[in-house]
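To keep things clear, I will list the structure first and then write my remarks on it.
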Amino acid sequence: MRIDVVTIFPEYLEPLNVSLVGKARARGQLLVEVHNLRDWTHDRHNTVDDTPYGGGPGMVMKPDPWGEALDRVEARGRADERTATADPVLVVPAPSGRPFTQALAVELSEKPWLVFAPARYEGIDRRVIDEYAGRWEVHEVSIGDYVLAGGEAAVLVITEAVARLLPGVLGNAESHRDDSFAPGAMADLLEGPVYTKPPEWRGRGIPEVLLSGHHGRIARWRRDEAFRRTAAHRPDLIERCDPAALDKHDRAV
Ligand SMILES: COc1ccc2nc(C(=O)O)sc2c1
């Protein structure tokens, strides 16, 4: 997978050099290029924003730098043999976007090339999204119902959620199966509690079932704990569970 990010804060994307995403880049499983939007400005002050038509507070990101930047990113991607025949998918983090979910992470992880356009200020001139929607797949995505100052934090969240789904990135392929929100039986359940050594810590032991070596009982206990945690923290998800899929999950373990 190739990921391009166009931003006025390239340094904000430094976390993509470490941990899971950093290792995937080092192994060549993921190519990430971060571009400074200001490289496509031509005035002395490298201006990327201007006042909104129709008045109102704040500033709007100008279309010209974005158009030049995205065209250049497309040209560079097409010059890369790994994406020469692919079409970029534009991902625009925005408070007005569709909620980012594990299902969308799975959908995006199957694309060969993502181009992120995180906004700042009051957002990007709408004509930019309209221009690229004419020839690229475009997703406007929100990572949550709260106010951020820009889209770069969303890029970090989306990139990590997508990268961990790429083949070979997570050591244990099974790890995906019981993820919270993983498609299938666990699609709408939160993961239950986890434990590791030592067997006793500050007078607290381990649930006996986890020491039993009985895989069927352990799986059922984990499923029940997931139900318990979901009912406590996200009751809204319980009615979305598919009892048939859960039953199949139980029978499979
Ligand atoms: C101005 O650019 C913004 C502002 C807020 C914001 N919030 C997001 C979210 O995903 O919640 S993306 C995003 C972009």
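One-based numbering, in listed order, for ligands and for the atoms of each.
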CZ of R72 to CG of D39: how many Å apart, nearest 0.5 Å?
11.0 Å
Contacts of type salt bridge (Lys or Arg N to Asp or Glu O under 4.0 Å), residue E140, not counting sequence neighbours:
R126
Between R135 and D71, is there a salt bridge with N-O shorter than 4.0 Å?
yes
With sequence neighbours left out, write down each residue that passes side-chain contact (heavy atoms from CB on, under 4.5 Å) with A231, or none if nothing qualifies.
I238
Could you pull out all residues at least two apart from T41 that satisfy side-chain contact (heavy atoms from CB on, under 4.5 Å)?
R38, D43, N46, V48, P65
Can you produce the list of protein nitrogen or oxygen atoms under 3.5 Å from a nitrogen or oxygen of ligand 1, alongside each distance?
from, atom 1, to, atom 2, distance (Å)
ligand 1, 2 (O), A119, O, 3.2
ligand 1, 10 (O), I143, N, 2.7
ligand 1, 11 (O), S142, OG, 3.2
ligand 1, 11 (O), G144, O, 3.3

Carboxylate-amine/guanidinium contact D64 R127, below 4.0 Å
no
